[in-house]
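Contents: one structure, followed by commentary.
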2 protein chains.
Amino acid sequence: MSPSHIHVPTDCRTVTEILSRVGDKWSVQVVVQMGEGPKRFNELRRAVTGISQRMLTLTLRGLERDGLVTRTVYPTIPPRVDYQLTGLGCSLLKTVRGLGDWAIQNRDEILAARRRFDSGGDERDETHSDAA
Amino acid sequence: MSPSHIHVPTDCRTVTEILSRVGDKWSVQVVVQMGEGPKRFNELRRAVTGISQRMLTLTLRGLERDGLVTRTVYPTIPPRVDYQLTGLGCSLLKTVRGLGDWAIQNRDEILAARRRFDSGGDERDETHSDAA
DNA sequence: CAGCATCCGCTTGGATACTG
DNA sequence: CAGTATCCAAGCGGATGCTG
């Protein structure tokens with residue numbers, strides 16, 4: 001029942017909502033890993049360097065909750081659990097790759113700007129004597 | 001001197017780097033506001049609902065540091081400071097809109113999945129009796 | 001193997017008060 | 001108007017130990 005005919009230019013709250021879903025420390029990396037197909041828990045753990053077991057669990061729960069991944073349990077011994085992107089998850093992955101490409105393309109420029117800012121912290125802006 | 005000929009599919013570290021830049025609570029909203037043209041400090045403050053003065057300052061400093069916005073000071077009384085997107089900032093805005101559109105399009109589906117997950121927390125996955 | 005529970009530090013961010 | 005400085009609470013995330 002949302003008024004979808006009112007096309008707000010990039011509705012702020014919704015974007016923020018999604019960004020906080022995807023903007024955490026690990027979600028994107030985990031999603032990217034699953035882009036190559038279904039993955040088991042420890043497989044993901046090894047693939048995503050530096051992630052703790054706790055955070056992998058939490059991240060996967062969050063993604064599952066939002067319908068981005070499915071969790072399939074095989075009650076064998078030892079147990080086996082597969083995580084896989086849903087259609088929604090795949091489409092998110094595609095979109096995130098857009099941001100990823102941007103990041104890769106502009107990484108050097110950003111790092112340069114950062115160094116410039118960090119070294120000289122006083123001549124960074126043009127002070128205009130003229131005013132309204 | 002980075003080996004740019006090795007095209008890693010969405011280099012994980014770089015993406016994470018940028019996401020943590022843009023994935024904080026306010027950056028995107030601030031950037032979106034500036035997309036409509038240069039803005040003064042309190043103008044941004046009013047436009048971005050809920051932001052504290054402290055966080056607006058920090059957010060703008062961060063964006064300026066990364067070369068995404070410029071800060072122009074008019075030493076008048078009272079002082080006036082304009083913030084404006086750089087070319088880099090504009091290109092980021094465009095990219096972020098991609099994610100924004102995705103968010104808007106799939107918002108309902110995500111919220112539905114979330115409700116489903118939160119209500120029944122046990123029948124959420126298919127347990128397969130078959131295994132490897 | 002795939003988790004859950006606990007503890008604990010660090011960072012993020014809000015509220016408030018003060019300044020040029 | 002456009003900040004800076006301080007204090008403080010909540011949440012994120014790491015380390016460790018235990019379970020089915």
Side-chain angles (χ1 to χ4, degrees), chain A residues 16-17 19-30 33-34 38-65 69-84 121-122 124-129 131-132, chain B residues 16-17 19-30 33-34 38-65 69-84 121-122 124-129 131-132:
Chain A
T16 304
E17 225 177 294
L19 274 168
S20 58
R21 161 83 291 246
V22 127
D24 64 42
K25 201 173 177 182
W26 300 110
S27 288
V28 165
Q29 289 190 60
V30 171
Q33 287 306 319
M34 285 185 301
K39 297 273 185 180
R40 300 180 54 173
F41 187 86
N42 278 341
E43 208 170 353
L44 286 169
R45 182 129 95 114
R46 280 186 296 272
V48 179
T49 323
I51 198 172
S52 65
Q53 174 256 30
R54 171 189 147 87
M55 287 318 296
L56 181 54
T57 301
L58 289 181
T59 301
L60 287 169
R61 285 296 170 280
L63 294 171
E64 188 193 358
R65 185 169 106 102
V69 310
T70 58
R71 177 173 180 272
T72 311
V73 179
Y74 302 90
T76 58
I77 295 181
R80 173 198 175 119
V81 179
D82 275 9
Y83 291 93
Q84 184 171 205
D122 31 18
R124 73 174 185 273
D125 51 34
E126 301 294 322
T127 302
H128 290 173
S129 301
Chain B
T16 304
E17 224 177 294
L19 274 169
S20 56
R21 161 80 292 239
V22 127
D24 63 42
K25 201 172 176 184
W26 301 109
S27 288
V28 165
Q29 290 190 60
V30 170
Q33 287 306 321
M34 285 185 300
K39 296 274 184 180
R40 300 181 57 173
F41 187 85
N42 278 341
E43 209 171 353
L44 285 169
R45 181 130 94 118
R46 280 186 297 271
V48 180
T49 321
I51 196 170
S52 65
Q53 173 257 32
R54 171 188 145 90
M55 287 319 294
L56 180 54
T57 301
L58 288 180
T59 302
L60 287 169
R61 285 295 171 280
L63 294 171
E64 189 193 358
R65 184 169 107 102
V69 310
T70 57
R71 179 173 179 272
T72 312
V73 179
Y74 302 90
T76 58
I77 295 180
R80 174 201 174 115
V81 180
D82 275 10
Y83 292 92
Q84 184 170 206
D122 31 20
R124 74 175 185 272
D125 49 33
E126 301 295 320
T127 302
H128 290 173
S129 301

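In this text the structure is predicted, and so the values were computed from the model without any measurement. Labels below follow one simple rule: chain letters A, B, ... track the order of the sequence lines, proteins then strands, and each chain is numbered from 1.
Residue R54(A) places none of its side-chain N or O atoms closer than 4.0 Å to OP1 or OP2 of dA5(C). Between R71(A) and the phosphate of dA2(C), there is no side-chain N or O to OP1/OP2 separation shorter than 4.0 Å. Here K25(A) does not reach the OP1 or OP2 of dT11(C): none of its side-chain N or O atoms lies under 4.0 Å away.
Counting only heavy atoms from C-beta outward, the side chains of R21(A) and L63(A) approach each other to under 4.5 Å.
Which of dG20(C), dG13(C), dG3(D) sits closest to the side chain of P79(B) comes down to dG20(C). Comparing dG13(C), dC1(D), dG14(D) by their nearest atom to the side chain of R40(B) picks out dC1(D). Taking the side chain of D24(A) as heavy atoms from C-beta on, and the options dC4(C), dG13(D), dG3(D), the nearest nucleotide is dG13(D). For Y83(A), the side-chain atoms get nearest to dG3(C) when compared with the rest of dG14(C), dC1(D), dG3(C). When distances are taken from the side chain of M55(A) to each of dG14(C), dG13(D), dT4(D), the shortest belongs to dG13(D).
In terms of heavy-atom proximity, T16(A) sits nearest to K25(B) at CG2-O, 4.1 Å.
When atom types are taken as modelled, the side chain of S27(A) and the backbone of G23(A) share no donor-acceptor pair closer than 3.5 angstrom.
Atom CZ in R45(A) sits about 13 Å away from atom P in dC4(C), given to the nearest Å. As rounded to whole Å, 9 Å separates atom P of dG13(C) from atom CG of L58(B).
Between the side chain of Q53(A) and the base of dC4(C), at least one donor-acceptor pair of N or O atoms lies under 3.5 Å.
Each of R46(B) and S52(A) lies near DNA chain D, and the nucleotide nearest R46(B) is the one positioned closer to the 5' end.
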